[in-house]
Amino acid sequence: MAGELRHEAAGWVPGVYPIIMLGAPGAGKGTQAREISKALHIPAISTGEMLRQAARHRTPLGLKAQEIMESGGLVPDGLVCSMVEERLGLPDCAGGFILDGFPRTLEQAQFIERFIEEGWHVQPLAINLAVDRESIIKRLTGRRMCPVCGSIYNIYLNPPRLPNHCDLEGTPLMQRDDDRDDVIRERLVHYDHDTKPLLDHYRQAGHLLDIDGSRPPRELTEAILQAIRSV
Ligand code: AMP
């Protein structure tokens, strides 16, 4: 790895860096962030999940974000950055964390790098889950979620044991409002335009691990953990 990743902060677990999951919508960031979180004992923080929760609770932020999310757009940088700043200030993030769905713009990337550098004196490690466009569309249109525990399934690729019910909770699964065809197209436009350039940003800094995200979920988790441990 060309760039130097430092972990000087007192109390920081050596070898555990703030991890940024990159990749198109549907690349598997959420599923993998949850698995890595369990393996490394650091929290996985999903800005999409935080925004959906805020929308469910009808907070001022949630109400603002809901319409944007339903149209496939990006919530303004200032709102998302303040939300992330507040979350990373909680004690469970002191020893490391995984960001899923953040940063999504260059401005967010610059914000988080400053924030991490000031607070922890480390550089984040970005992991890019590379998946081809055709698979991405299949993953998004087939995705179903448990509204209780957040488990993610796919009716084509990873179906639940009982059709349309969560294996863990037995609850009927739901489809995200933004997993509809027209919204998916808009989300991919934003990904290509706003988020994909971040790959070069982290690649140039030497802080990017490219991982083939087309593998089955368990194999992919192992590959990511191996890549993280070998940095
Ligand atoms: P996700 O669950 O990561 O696919 O995010 C769902 C939606 O939440 C996105 O399509 C955006 O509308 C919004 N969102 C999540 N994270 C961000 C972010 N970092 N910046 C702007 N909007 C975001």
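Just so you know, ligand 1 is whichever comes first in the structure, and atom 1 is the first atom listed for that ligand. Keep in mind it's a predicted model, so treat the numbers as computed, not measured.
- More than 12 heavy atoms of other residues, nucleotides or ligands shown are found within 6.0 angstrom of CD on Gln110.
- Every residue two or more places apart in sequence or in another chain was checked for a side chain to side chain donor-acceptor pair (under 3.5 Å) with Thr47, and none qualifies.
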Distances for all N or O pairs of ligand 1 and the protein under 3.5 Å?
residue, atom, partner, partner atom, Å
ligand 1, 2 (O), Arg52, NH1, 2.9
ligand 1, 2 (O), Arg52, NH2, 3.2
ligand 1, 2 (O), Arg176, NH1, 3.3
ligand 1, 2 (O), Arg176, NH2, 3.3
ligand 1, 3 (O), Arg104, NH1, 3.1
ligand 1, 3 (O), Arg104, NH2, 3.2
ligand 1, 4 (O), Arg104, NH2, 3.3
ligand 1, 4 (O), Arg176, NH2, 3.1
ligand 1, 4 (O), Arg187, NH2, 3.4
ligand 1, 12 (O), Gly73, O, 2.6
ligand 1, 16 (N), Thr47, OG1, 2.8
ligand 1, 16 (N), Gly101, O, 3.4
ligand 1, 16 (N), Arg104, NH1, 2.9
ligand 1, 19 (N), Gly101, O, 2.9
ligand 1, 19 (N), Gln108, OE1, 3.0
ligand 1, 20 (N), Gln108, NE2, 2.9
ligand 1, 22 (N), Val75, N, 3.1

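- Within the 3.5 Å criterion, the main-chain N or O of Arg161 finds a donor-acceptor partner in the side chain of Asp167.
- Here the rule is side-chain hydrogen bond (donor to acceptor under 3.5 Å, both in side chains) with Thr221, and of Arg34, Gln226, Glu35, Gln32 only Gln32 fits it.
- Not counting sequence neighbours, Asp181 has no partner by the side chain to side chain donor-acceptor pair (under 3.5 Å) test.
- Cluster partners of Ile136, by chain and number: Val131, Ile137, Leu140, Ile184, Leu188. The rule joins Ile, Leu, Val, Met, Phe, Trp and Tyr whenever side-chain heavy atoms lie under 4.5 Å apart.
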